[in-house]
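Since this is a predicted model, take the numbers as computed values, not measurements. Numbers here simply count residues along the sequence, with the first being 1.
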Amino acid sequence: MKLYFSKEKFKQNASPNVKSILAAHVNILDGLEVDFTKDEKFGFGTTPVYEKDGEHFKLYPVYKEWCEKETQLNLFD
């Protein structure tokens, strides 16, 4: 089952501190597929490498509570 980072689920479930740290990244992360296969023991996921302001990032850990099963496409963005 594929899981995708969800901005809305992140806002609902992440701690205030984590929300603050990732505030500038959330729009980029929204909809990225999260890989949970590498850390199945603890249930954490990892995003693919993404770019923000010319720098490359990879988010770990990503919690399943921050994800949804399908991406939501907004055709008007």
Side-chain angles (χ1 to χ4, degrees):
M1 169 179 50
K2 292 184 179 183
L3 292 173
Y4 300 88
F5 189 95
S6 166
K7 176 171 55 174
E8 293 306 315
K9 290 197 175 210
F10 174 79
K11 287 180 179 180
Q12 292 171 0
N13 297 304
S15 70
N17 186 42
V18 173
K19 288 180 197 176
S20 175
I21 292 168
L22 294 176
H25 294 244
V26 173
N27 287 332
I28 296 168
L29 291 165
D30 193 32
L32 288 181
E33 186 174 349
V34 179
D35 180 5
F36 284 91
T37 61
K38 295 178 183 171
D39 198 352
E40 290 183 41
K41 179 178 179 181
F42 297 105
F44 299 134
T46 306
T47 66
V49 175
Y50 63 94
E51 187 175 332
K52 167 87 171 94
D53 298 331
E55 293 186 58
H56 293 94
F57 296 91
K58 190 173 193 176
L59 182 60
Y60 175 88
V62 178
Y63 296 87
K64 288 184 179 179
E65 295 81 27
W66 301 352
C67 299
E68 58 187 22
K69 293 179 185 177
E70 297 180 16
T71 58
Q72 295 178 349
L73 298 176
N74 185 346
L75 301 176
F76 300 103
D77 277 347

For the ring pair Phe36 and Phe44, is the centre-to-centre distance below 6.0 Å?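 Not under 6.0 Å, so no.
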Can you confirm whether or not the ring centre of Phe57 sits under 6.0 Å from the ring centre of His25?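 When the ring centroids of Phe57 and His25 are compared, they turn out to be within the sub-6.0 Å range.
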Do any N or O atoms from the side chain of [X] and from the backbone of [Y] form a donor-acceptor pair under 3.5 angstrom?
X	Y	value
Asp30	Val26	no
Thr47	Leu59	yes
Lys19	Lys11	yes
Asn13	Glu65	yes

Looking at every non-hydrogen atom in both residues, tell me the closest pair between Ile28 and Glu51 and how far apart they are.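 Reported closest heavy-atom pair: CD1-O, 3.7 Å.
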Taking all non-hydrogen atoms of both residues into account, name the closest pair between Val62 and Cys67 and its distance.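 Here Val62 and Cys67 meet closest at CG1-SG, 3.9 Å.
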Give, for atom [atom1] of [X] and atom [atom2] of [Y], the distance between the pair rounded to the nearest 0.5 Å.
X	Y	atom1	atom2	value
Lys64	Lys69	NZ	NZ	10.5 Å
Leu29	Phe5	CG	CZ	4.5 Å
Leu3	Glu68	CG	CD	9.5 Å

Please check if any side-chain donor atom of Asn17 sits under 3.5 Å from a side-chain acceptor atom of Ser15, or the reverse.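 Side chains of Asn17 and Ser15: no pair found under 3.5 Å.
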Decide yes or no for Trp66 and Val34: does some side-chain heavy atom of the first lie under 4.5 Å from some side-chain heavy atom of the second?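 Result no, sub-4.5 Å side-chain heavy-atom pair not found.
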Would you call Tyr4 and Leu32 a side-chain contact if the rule is heavy atoms closer than 4.5 Å?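 The answer is no; the side chains never approach within 4.5 Å.
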